[in-house]
Protein chains: 2
Amino acid sequence: MTAPTTADSRTIAAVRHFTRFFTRRIGVLRRRLYASPFSLVEARVLYEIANRPGTSAGEVARDLGLDPGQLSRTLEGLVRRGLVRRRRAAADARRHALTATPRGVAAFAALDRASREEVAALLASLDADGRDRLAASLAAAERLLEPARLSAGEFVLRPHAIGDMGMITAAQARLYAREYGWNGEFEALVAEIAAKFIREFDPAREHCWIVERRGEIAGSIFLVKESESVAKIRLVYLESWARGAGLGRRMLDECLAFAHDKGYAKVVLWTNDCLVDARRLYERAGFVLVRSEAHHSFGKDLVGQYWSLDLAAR
Amino acid sequence: MTAPTTADSRTIAAVRHFTRFFTRRIGVLRRRLYASPFSLVEARVLYEIANRPGTSAGEVARDLGLDPGQLSRTLEGLVRRGLVRRRRAAADARRHALTATPRGVAAFAALDRASREEVAALLASLDADGRDRLAASLAAAERLLEPARLSAGEFVLRPHAIGDMGMITAAQARLYAREYGWNGEFEALVAEIAAKFIREFDPAREHCWIVERRGEIAGSIFLVKESESVAKIRLVYLESWARGAGLGRRMLDECLAFAHDKGYAKVVLWTNDCLVDARRLYERAGFVLVRSEAHHSFGKDLVGQYWSLDLAAR
DNA sequence: ATAATTATTTGACTATGTCAAGTATCAGTC
DNA sequence: GACTGATACTTGACATAGTCAAATAATTAT
């Protein structure tokens, strides 16, 4: 689909560079583990079993990428030391149900604590900003290297903080440029709305929700005061990788509950007809289309839509 | 200094999660390597030697985190197969200078190509946006996990693209909040300036330079038209981790050369007296302080400074 | 000249990872 | 209810990787 470009080779170089870096780093982490009575493999296996009691050998082997034979012997050692119990599974006698014994659980807890302390030492020199950035970077890298269906539980909604407006501006500008070909004019508009929000923010009647997954921003929704009785929803977006987990619904629900709570009689919003998913969301929440209007913005011919929801009717 | 907080434990969890993820991933990459006639360690050693001819065993061992004994044997194997030449170093006869033979270079090139292709396959499903983000995330993670003095050569100056204004807004807001305690008002101001820049951008007489390292934004400087003969520098900043490599100088030089080239007679800028490093930079470039003015902004009592440079005098 | 230090090698391990062949069980089929 | 092909795990036989301590040789410091 996408032809190989220089951007490609830059990313390849980045991944390879990081792999070398991390291999070296993991080598260090690995060595330290030997202060405990466990080898790295034993520790990893114990981790899996402690966190997923009743799992089978095959499952552990697949998840850790271990050879079944190697795992079989590793398990034997753990069983011999009284850390793991291996029982025939009731449903399928080929399988062995694996559980950690109380001693195994204690050993795992000690390992877990040691590992946490080790990482904490590694992060000691970072300030809060650096730590946030690191967490977000690692989460993003992981997500990009291994796309997986993300569960709704991983996402949190939180109020805005310093730096969020800029991040949202960048994210929305890139998202709509990628998906609809909108130009920089849109980024300017978002920046203006965001700036206005900061300047005129009334915490008593307005709110911004940032959707976040492991420190990485995944979306946003704003509720601002249009008049005493009318609230307006603004800057709604959700990254493509965060879609399909019911987040749009959750954001909108949260926002409408707030609006209702603050005594607004009506909620309005402006969007464009090409944003099909968003429109469906508004419809389902009870919004009705008030007016449509063709306009030329962001380098495209668009149709703007004004939607409205009567809160009293709910 | 900083007390352990929940943010800490979140980052620790993020690092551990990523480590598990990457260990599994590397396990996969590692296995594939066996299609070649080299073991992982041999490949890594060959990589080092091919990229740094004349290096010594100790150096390789340190950089790869290998045991000297292990390395000694690995080298023996490579020498036996005619891939590496081991000679007594002229300066120090304890040392062995290591160089790849032509056969070794060829073998390395094949490995290198295979590795690149493998990573390319891993990235095949990502679009340009995802690739950029991945590269930037990995670079940031690496930088944060292992702070090191960065060389000027790693940074590039490029013109702005979609999303950059938002990123710069976020970065500046966070930087000045962290270092000087400025509040959201500053973020609003930056967003407004950035929006105005996009809306009124005149490529013929204005420019924005983004400083970037491996896809991660490290700073910016803007030159905008104040009048036909007067240009104004705006939104100058440099991340703390990018300082000390002479980048400030490089950015300003680039910017002033552009201003001169476009025929401006004068360049002006506004800053605050607490930004000591920036002030020194302007002074050294020949700017003179025109006027100072106390003001209360961004939640602090500040002293604004107006600087000016006569380009004709240069 | 002697002692301490540094770079590398060697010996004797243990741990890790690989591959193929083997055993027991299961699910479906005639 | 015996046969067939999968599946879950084990075992044997190795090759590679990593550890630790002692040995060798050259260099630097005193």
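Any value given below was found using the heavy atoms of this structure, including those in side chains, with hydrogens, waters and symmetry copies removed. Within every chain, numbering begins at 1; the chains are lettered A, B, ... in the order of the sequence lines, protein sequences first and strands thereafter.
Heavy atoms of Gly58(A) sit under 4.0 angstrom from primed sugar atoms or phosphate atoms, though from no base atom. Heavy atoms of Arg86(A) sit under 4.0 angstrom from primed sugar atoms or phosphate atoms, though from no base atom. Within 4.0 Å of Thr74(A), counting heavy atoms only, lies no atom of the nucleic acid at all.
With hydrogens and angles ignored, the 3.5 Å screen pairs no side-chain donor or acceptor of Arg214(B) with any backbone N or O of Leu138(B). Without hydrogens or angle criteria, Thr74(B) side chain to Gln70(B) main chain gives a donor-acceptor distance under 3.5 Å. Arg243(A) places a side-chain N or O within 3.5 Å of a backbone atom of Leu238(A) that can act as its donor or acceptor partner. Using modelled atom types, one side-chain atom of Arg250(B) and one backbone atom of Ala152(B) make a donor-acceptor pair closer than 3.5 Å.
For the pair Glu59(B) CD and dT6(C) P, the computed distance is 16 Å after rounding to whole Å. Summarising the geometry, the separation between CD on Glu42(A) and P on dT14(C) is reported as 14 Å, rounded to the nearest angstrom. At whole-Å resolution of the value, CG in Leu75(A) and P in dT11(D) are 12 Å apart. Note: CG (Asp67(B)) to P (dA15(C)) measures 16 Å, nearest angstrom. Rounded to whole Å, atom C1' of dT10(D) lies 14 Å from atom CG of Leu98(A). Atoms CG (Leu66(B)) and P (dC20(D)) sit 14 Å apart, rounded to a whole Å. Distance, Leu64(A) CG to dG17(C) C1': 14 Å, rounded to whole Å. A straight line from CG of Leu71(B) to C1' of dA17(D) spans 13 Å, rounded to a whole angstrom.
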Write out a two-atom table: protein N or O, nucleotide N or O from nucleotides 24-30 of chain D, distance below 3.5 Å.
unit_1  : atom_1 : unit_2   : atom_2 : d
dT27(D) : OP1    : Ala93(B) : N      : 3.1

Detail all sub-3.5 Å separations between protein N/O atoms and N/O atoms belonging to nucleotides 1-3 of chain D.
none

What side-chain donor-acceptor pairs closer than 3.5 Å can you find for residues 82-89 of chain A, not counting sequence neighbours?
unit_1   : atom_1 : unit_2   : atom_2 : d
Arg88(A) : NH1    : Ala93(A) : O      : 2.7
Arg88(A) : NH2    : His96(A) : NE2    : 3.1

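Closest contact between the side chain of Ser39(B) and the listed nucleotides dA17(D), dT19(D), dT9(C) involves dA17(D). The Gln70(B) side chain lies nearest to dT19(D) when the options are dC19(C), dT10(C), dT19(D). Nearest to the side chain of His96(A), among dA17(D), dT10(C), dT10(D), sits dT10(D).
The ring-ring contact (aromatic ring centres under 6.0 Å, His included) analysis of residues 136-155 of chain B, with sequence neighbours excluded, yields no pairs. For residues 45-79 of chain B, the pairs satisfying ring-ring contact (aromatic ring centres under 6.0 Å, His included) are Tyr47(B)-Phe108(B), with sequence neighbours left out.
Relative ring orientation between Phe18(A) and Phe21(A) is described as tilted, the plane-to-plane angle lying within the 30° to 60° band.
Remark: Arg44(A) engages no residue in a side-chain hydrogen bond (donor to acceptor under 3.5 Å, both in side chains) (not counting sequence neighbours).
Remark on DNA chain D: of its neighbouring residues Arg73(A) and Arg95(A), the 5'-side contact belongs to Arg95(A), judged by nearest-heavy-atom nucleotide.
Counting only heavy atoms from C-beta outward, the side chains of Val60(A) and Leu75(A) never approach each other to under 4.5 Å.
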